[in-house]
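Before any comments, here is the structure.
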Amino acid sequence: MKNWLVIVILAVAQFVMVLDSTVMNVSISQVASDLGTTITGLQAAITFYALTMAAFMLTGGKLGDKWGRRRAFTIGSIIYGIGSLLTGLSQNIGMLLFGWSLVEGLGAVLVIPAIAALAAINYTGKARVAAFSILGAVTGLAAAAGPLIGGYLTTYASWRYVFFAETIVMIVVLIFTRRIKDVPNDPKLKIDLLSVILSAGGMALLVLGVLQSKTWGWFVPLNPPTINGVEIAPLGVSPVTYLIIGGILVLWWFLKRQAKLERAGANPLLKVSMLTIPALRGGLAGFLVQYFAIAALFFVVPVYLQTILGFNALETGLKILPLSAGLIVCSILGSWLTSRRSAKYIARAGQATMAIGMLFVLIAIGPELSGWAFPVGMFVIGAGFGLLASQLGNVNMNAVSKDDTSEVGGLQGTFQNLGSSFGTAIVGSVFILLLASGFGAAVAQNATIDANTRTQVNEYLEQGVPIISQEQAKDLVVKAGGSEEVATAVAQDYADSQVEALKQALFIVFGLLVLSLMLSRNLPAEVVAKPEEEIEEAAAT
C-alpha cells in the first residue's frame, strides 16, 4: 500500500471515535460518583451520545458532499476536540450531556462518514481492501484498549485525562489533514431540512421511548410522568408506547419523503434505492446487530463487575482484557482471510463465534464469577467481533459507486450508533425491569422479612429500582429503620435478583446474535482475491 500517512491519520481519528464510549462504560461507577449522579443517569448519557450520532449521521455525510469530505473531517475534528475538553471539565451530569453526548456526538457525525469516504477516495483495489481492514482492526483495537486505558486512568488518576488526551490527539490529526486527497465537492448541493428533522426526530422518539421504558413501563404504566399531579398515561397506556409508535411513524414519513425526492431527481438525505442492494443491506444489518451486542455487553458487564462483585475500574478493565486479545487477533486474522474466504463466510463465522462467547459469559455469571468460563467467553466474543470488524466496512463501500461513498459512510455510522443506543437502552431497560420484578417477588416470598418492610420495599420499587451494590441496599434498609437481620435478607434478595436479571438481559443479546445469521445471507459470497493473484501482483511490483 502506498501513501501510508493517510490511513494512519484516518485510523487515529477512528480510534478516538470508538474509544469514548468504552472508556465511559468501564469507569461508570466512578464517573457517576464524581458527577453526583446515578448509573441510570450515566446510561442516559451513553445512550444519548450514540443517539446524537445515529440521528445526524446521514446529515453529516451529506455535509461532507457539500463542503468536501476533507473539510467536513477537519470541522468535525475541531468540534470533537472542543467536546472532549468540555467533557473532561464536566462538573455535573448536565455538563457531561452537553459536552459528551451533544458536542462530541455532533463532531463525530462529520468525522465518521468522512473517514469511510476518504479511505475509499484515497485507495483503490486491494489497497482499499487493506485500508478498510486496517480501519476495522483499529475499531476493534479501540474497543479493546478502551477498558484498559479507562480503567487504569480512573483507578490511578482520573477518567478526565482520557478526554483531555483526546483533545490533544485531534489537534495532531488536524496538523496532517492537508495530506489527505479529496475529490471535488458540490457547494450547490441542497440539504432538505424537513428530511433532517424527520430523521433526527424519529430516531430520538424511538430511543427516548426505549430508554424511559425502565421507568414508565413498556405498555402498562409503572411510574409515568405527571403534570400538576396528573399522570400522563392516555387511555391507561404508558407514554413509552406512544413514543415508540410516534418514532416509527416519523421514520416511515422520512423514508417516504426520501423516495419522493429521489424520484423527482432532487437530493434526498438518503437514497432509498441503495437499500435495495442486497450486499449493502446485509452489511448494515451486520453493523446494527454487532454494535447492539457489544454496547449491551459493555454496559451490563461493568455494572455486574463493579456493583455486584465490587471491582474497581482497573480490575474491570483487566476482566474485559480477554475480549481485547480476541478482538485484535481475529481482526488481523479476518483481514488475512479476506483474500481466501468470502465476506459472507467470515462474517457468519464472526456472528456464530460471538453467540458462542455470549453463552460462556452466561454460564460464568453468578454471585461469584466463574474461574474459566468468563475469560473464555470474553475472548470468544472479541474474536467474533474482530472477524466482523474486518469485513463489513469494505462490503458496504464496495456495494456502491465512489460517488455514494460519503452517503454510505453516513448510513454505516447511523446503523452502528443506532445499534449502540438500542443495545444500551433496551438491554439496560430490560435489566432494570427484570431486577424490579424479581426483587419484588423475592421479598414477597422471603419469610424472614416482615410485612412492614415488604410494604416499604414495594413503595420504593414503584419509584424505579436503582442499580446499587448489595452493601448499599443493606444500608438503605437500616437507615429506613429495619433491623440488621431484615436488612441482610433484603440485600441478599436484591443481589440474587440482580444476577438473575443480568443473565436474562444478556440472553436477549444471545438470541439476537443467533438470529443475525439470517441477516447475513445477502453478504457477498465471492472471494475478493485469490492468494496466487496476490503473489503475481507482488512479483509485478
Side-chain angles (χ1 to χ4, degrees), residues 15 17-32 39-40 42-51 53-54 100-101 139-152 154 159 162 211 287-309 311 313-328 354 357-358 360-362 364-365 374-375 377-386 388-389 416-432 467 502-503 505-506 508-510 512-513:
F15 184 92
M17 297 294 113
V18 177
L19 183 71
D20 250 18
S21 56
T22 57
V23 168
M24 193 63 76
N25 284 25
V26 80
S27 309
I28 192 165
S29 295
Q30 189 59 52
V31 176
I39 288 176
T40 49
L42 261 294
Q43 181 199 9
I46 292 167
T47 301
F48 282 124
Y49 174 66
L51 173 60
M53 291 191 283
W100 188 55
S101 302
T139 297
L141 179 62
L148 288 179
I149 294 172
Y152 181 84
T154 300
W159 54 272
V162 177
L211 184 65
F287 261 95
L288 184 72
V289 175
Q290 175 189 3
Y291 281 92
F292 180 103
I294 212 70
L297 188 76
F298 270 46
F299 174 71
V300 174
V301 166
V303 169
Y304 165 67
L305 294 174
Q306 293 181 21
T307 63
I308 299 177
L309 301 184
F311 291 174
L314 179 58
E315 289 168 334
T316 301
L318 290 173
K319 286 294 181 183
I320 296 174
L321 182 60
L323 185 145
S324 309
L327 224 163
I328 295 168
M354 285 187 76
M358 195 65 69
F360 277 103
V361 171
L362 283 168
I365 287 175
F374 188 79
M378 296 301 282
F379 179 88
V380 175
I381 290 171
F385 187 96
L388 284 166
Q416 173 182 326
N417 287 288
L418 201 55
S420 294
S421 58
F422 277 156
T424 304
I426 291 176
V427 175
S429 172
V430 169
F431 169 57
I432 292 169
I467 302 175
L502 181 74
K503 296 181 81 163
L506 285 179
I508 294 173
V509 182
F510 167 74
L512 185 62
L513 286 168

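All residue numbers in this chain count up from 1 along the given sequence.
Side-chain atoms of F374 and V301, non-hydrogen and from C-beta on, do get closer than 4.5 Å to each other. Using a 4.5 Å heavy-atom threshold, the side chains of F287 and L418 count as separate. Side-chain contact between L309 and Y304 is present, with heavy atoms from C-beta onward closer than 4.5 Å. Looking only at side-chain heavy atoms (C-beta outward), F379 and L323 stay at 4.5 Å or farther from each other.
In this structure, CG in L42 is found 11.0 Å from CD in Q30, a value given to the nearest 0.5 Å. Interatomic distance, I46 CD1 to S420 OG, rounded to the nearest 0.5 Å: 10.5 Å. Put simply, CG on L297 and CD1 on I381 are 5.0 Å apart, with the number rounded to the nearest 0.5 Å. To the nearest 0.5 angstrom, Q290 atom CD is 12.0 Å from L512 atom CG. Atom CE in M17 sits 11.0 Å away from atom CD in Q416 (nearest 0.5 Å).
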Checking side-chain contact (heavy atoms from CB on, under 4.5 Å) for the pair L305/E315: CA distance, chi angles, key distance, verdict? CA-CA 9 Å; L305 294 174; E315 289 168 334; over 6 Å; no

Take I320 and F298, measure what side-chain contact (heavy atoms from CB on, under 4.5 Å) needs, and give me the verdict at the end. CA-CA 9 Å; I320 296 174; F298 270 46; 4.2 Å; yes

Run F385 and Y291 through ring pair (Phe, Tyr, Trp, His ring centres under 6.0 Å) and show every step you take. CA-CA 9 Å; F385 187 96; Y291 281 92; 5.7 Å; yes

Walk me through it: do V427 and F292 pass the test side-chain contact (heavy atoms from CB on, under 4.5 Å)? CA-CA 9 Å; V427 175; F292 180 103; 3.9 Å; yes

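In this structure, K319 places its NZ atom where only 12 or fewer heavy-atom neighbours from other residues, nucleotides or ligands lie under 6.0 Å away. Enclosure of atom CZ in F360 is not indicated, since only 12 or fewer non-hydrogen atoms of other residues, nucleotides or ligands lie within 6.0 angstrom.
Across all their heavy atoms, F510 and L362 have their closest contact at CB-CD1, 4.4 Å. What you find for A296 and V509 is that their closest heavy atoms are CB-CG2, 3.8 Å. In terms of heavy atoms, V289 sits closest to L513 at CG1-CD2, 4.1 Å. For the residue pair S101 and A45, the shortest heavy atom distance occurs at OG-O, 2.9 Å. Nearest heavy atoms, M354 versus I294: CE-CD1, 4.4 Å. For the pair T424 and A295, the tightest heavy-atom approach, listed with the atom from each and the gap, is OG1-CB, 3.8 Å.
Between Y49 and W100, the ring planes are parallel. Angles under 30° get that label, and only those over 60° would be called perpendicular.
Applying the side chain to side chain donor-acceptor pair (under 3.5 Å) criterion to S27, with sequence neighbours excluded, gives T154. In this view, Q306 and I28, S29, P302, T316 satisfy the side chain to side chain contact (heavy atoms under 4.5 Å, CB included) rule, not counting sequence neighbours.
For residues 292-302, there are no side chain to side chain donor-acceptor pair (under 3.5 Å) pairs, not counting sequence neighbours.
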